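Some notes on the structure that comes next.
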Amino acid sequence: MIIIRTIAELQKLVTKLKHAGKTIGFVPTMGYLHEGHISLVENAKRHDEFIILSIFVNPLQFGPNEDFDRYPRDFKRDEELAKAAEVDVIFYPDVKEMYPNIMSCSVTVQKGVEVLCGKSRPGHFDGVATVVLKLFNIVQPTRAYFGMKDAQQVAVIENVVNDFNLPVEVIKCKTLREVDGLAKSSRNVYLSVEERREAKEIFVSLQQALAQIASGEKNPSAIKERISNYLQSQTSGIIDYVEVLAYPSLDVLETIQGELIIAIALKFSQARLIDNVTVTVQ
Ligand code: AMP
């Protein structure tokens with residue numbers, strides 16, 4: 001495994017790989033790797049010949065009062081995990097390498113951002129779309145692998161790929177969970193012991209919602225209300241949102257039908273956690 005810190009060096013390698021006819025699987029991350037990230041790598045290895053994993057905590061996607069500075073970072077540990085997972089290249093640029101100057105243009109996401117994390121974190125998806133567009137242009141992946149834990153991000157990136165005709169296939173990967181159902185996340189380290197115990201209730205409430213739908217509930221508000229009541233009674237977290245929306249359009253749903261997402265953001269004292277399930281209802 002090699003570590004590449006400059007765009008020029010990575011582009012040189014990518015040119016060679018393309019000439020050799022290799023397919024490139026790309027896994028973009030912000031580091032502090034866990035099994036969720038590694039599951040994306042495993043997926044990539046099933047499809048692609050050469051695996052590039054990027055580690056870049058992108059300042060553009062953090063708001064002024066968010067956790068950019070204290071986002072967990074541990075490159076040595078990431079390096080070991082990536083090596084064990086047989087990643088071929090870690091692309092590990094610093095902020096100056098990715099943004100040497102204030103950008104003269106950027107991407108503004110216009111659809112699917114008026115809800116969920118787009119609503120709670122204004123500008124977040126502009127930052128995501130901008131860095132992903134840059135990374136896709138640098139890495140030129142055959143396929144790029146994203147986790148459905150960040151389902152809105154997947155929807156936004158699929159739109160970017162379609163809007164700009166990017167020659168990359170986006171592969172959606174399922175959310176990897178702890179034994180008790182909590183979605184694995186770099187931010188879980190910020191939970192206190194008590195909060196960690198409570199955090200499993202997020203997935204419990206999503207499972208209850210799925211059961212409610214399976215037993216015939218057609219009213220999205222009834223599902224949202226039940227989840228909100230449950231989380232308020234079972235956790236000390238503050239609800240940022242509980243939503244039931246069409247997926248991937250993220251349009252408002254009048255009735256439970258078709259492909260939909262049930263999504264939650266819950267704020268604990270030091271960590272805002274997100275989770276979701278998607279389901280298709282005939
Ligand atoms: P992050 O480092 O949090 O930006 O995540 C990098 C990629 O890993 C994104 O595509 C995430 O959706 C994905 N990811 C994060 N957590 C999980 C998880 N628990 N299971 C599967 N994929 C995940």
Side-chain angles (χ1 to χ4, degrees), residues 25-48 51-63 66-68 70-75 77-79 81-82 85 87 90-93 98 116-118 121 124-125 127-136 139 141 143-161 168-191 196 199-200 202-203 206 247-248 261 263-266 271-278:
F26 179 42
V27 180
T29 81
M30 297 203 298
Y32 211 73
L33 302 180
H34 51 68
E35 285 105 327
H37 299 115
I38 301 304
S39 73
L40 304 190
V41 171
E42 295 302 336
N43 207 340
K45 278 161 54 183
R46 279 195 286 277
H47 293 97
D48 289 307
I51 310 303
I52 300 179
L53 174 131
S54 65
I55 296 179
F56 181 62
V57 185
N58 173 34
L60 250 54
Q61 69 191 67
F62 287 78
E66 294 183 355
D67 57 351
F68 174 71
R70 58 179 198 91
Y71 192 84
R73 295 162 168 91
D74 186 345
F75 184 70
R77 186 172 152 275
D78 286 349
E79 194 183 335
L81 288 170
V87 164
I90 300 183
F91 179 48
Y92 183 46
M98 287 296 281
L116 309 179
C117 293
R121 305 181 67 186
H124 169 68
F125 287 111
V128 169
T130 302
V131 80
V132 167
L133 184 55
K134 281 175 72 78
L135 288 168
F136 281 2
V139 175
R143 278 167 281 263
Y145 298 80
F146 292 90
M148 279 300 284
K149 169 163 178 292
D150 301 283
Q152 187 173 21
Q153 173 169 277
V154 171
V156 164
I157 289 165
E158 283 191 320
N159 287 339
V160 172
V161 165
V168 54
E169 188 183 345
V170 171
I171 308 287
K172 303 174 191 177
C173 304
K174 73 175 186 355
T175 301
L176 225 80
R177 300 179 178 282
E178 304 288 353
V179 179
D180 66 2
L182 174 65
K184 287 181 185 277
S185 165
S186 306
R187 291 186 169 100
N188 290 350
V189 290
Y190 289 129
L191 299 172
R196 171 63 190 83
K200 69 174 182 304
I202 299 171
F203 188 59
L206 289 169
Y247 191 83
I261 183 168
I264 296 172
L266 189 65
R272 176 180 171 280
L273 303 187
I274 59 169
D275 201 354
N276 70 82
V277 289
T278 51

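Atoms within a ligand are numbered from 1 in the order they appear, just like the ligands themselves. All heavy atoms count here, side chains included; hydrogens, waters and symmetry mates do not. These numbers were taken from a predicted model, which means no experiment stands behind them. We're numbering straight along the sequence, starting at 1.
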In terms of atom number and element, which parts of ligand 1 are under 4.0 angstrom from non-hydrogen atoms of [X]?
X: T29; value: 2 (O), 6 (C)
X: F146; value: 10 (O)
X: P28; value: 6 (C), 7 (C)
X: K184; value: 16 (N), 17 (C), 18 (C), 19 (N)
X: K174; value: 20 (N), 21 (C)
X: L40; value: 7 (C), 8 (O), 10 (O), 13 (C), 22 (N)

### Query
Can you name the nearest heavy-atom pair linking N276 to K149, along with the distance?
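That closest heavy-atom pairing would be ND2-O, 3.0 Å.
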
### Task
Write down the atom of G36, the atom of S39, and the distance for their closest heavy-atom approach.
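Minimum heavy-atom separation between G36 and S39: O-OG, 2.6 Å.
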
### Message
Regarding D48 and Y145, do their side chains bring together a donor and an acceptor under 3.5 Å, going by distance alone?
### Response
yes

### Message
Using only atom types and a distance under 3.5 Å, with no angle test, would you say the side chain of S186 pairs donor to acceptor with the backbone of Y32?
### Response
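Flag set: sc S186 to bb Y32 pair under 3.5 Å.
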
### Task
May I ask you to decide if L116's main-chain N or O and Q152's side chain share a donor-acceptor pair within less than 3.5 Å?
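No, the answer is negative, given that no donor and acceptor are paired below the 3.5 Å cut-off.
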
### Nearest non-hydrogen protein atom, atom 10 (O) of ligand 1
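For atom 10 (O) of ligand 1, the nearest protein heavy atom is G147 N, 2.9 Å.
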
### Task
Tell me which protein heavy atom sits closest to atom 15 (C) of ligand 1, plus the residue, atom name and distance to 0.1 Å.
H34 CE1, 4.0 Å

### Task
Start with the C-alpha distance between E158 and K172, add both sets of side-chain angles, then the distance that settles salt bridge (Lys or Arg N to Asp or Glu O under 4.0 Å), and finish with yes or no.
CA-CA 10 Å; E158 283 191 320; K172 303 174 191 177; 3.8 Å; yes

### Message
Once you measure the plane-to-plane angle for Y92 and F75, does it fall in the parallel (<30°), tilted (30-60°) or perpendicular (>60°) bin?
### Response
parallel

### Query
Going through the checks in order, is the salt bridge (Lys or Arg N to Asp or Glu O under 4.0 Å) test met by D275 and R177?
CA-CA 10 Å; D275 201 354; R177 300 179 178 282; 2.8 Å; yes

### Residues V156, V128; criterion side-chain contact (heavy atoms from CB on, under 4.5 Å); working and verdict
CA-CA 9 Å; V156 164; V128 169; 5.5 Å; no

Nearest neighbour of [atom] from the list [options], on a heavy-atom basis:
atom: atom 9 (C) of ligand 1; options: Q153, E178, R187; answer: Q153
atom: atom 11 (C) of ligand 1; options: D150, V154, L33; answer: D150
atom: atom 5 (O) of ligand 1; options: R177, K172, M30, H37; answer: H37

### Message
Can you tell me if M148 contacts ligand 1 (heavy atom of the residue under 4.0 Å from the ligand)?
### Response
no

Is the shortest N/O to N/O distance between [X] and ligand 1 below 3.5 Å?
X: S185; answer: no
X: L176; answer: yes
X: S39; answer: no

### Query
Is it true that the NZ or CZ of R73 lies under 6.0 Å from the centre of F68's six-membered ring and within 45 degrees of the ring axis?
yes

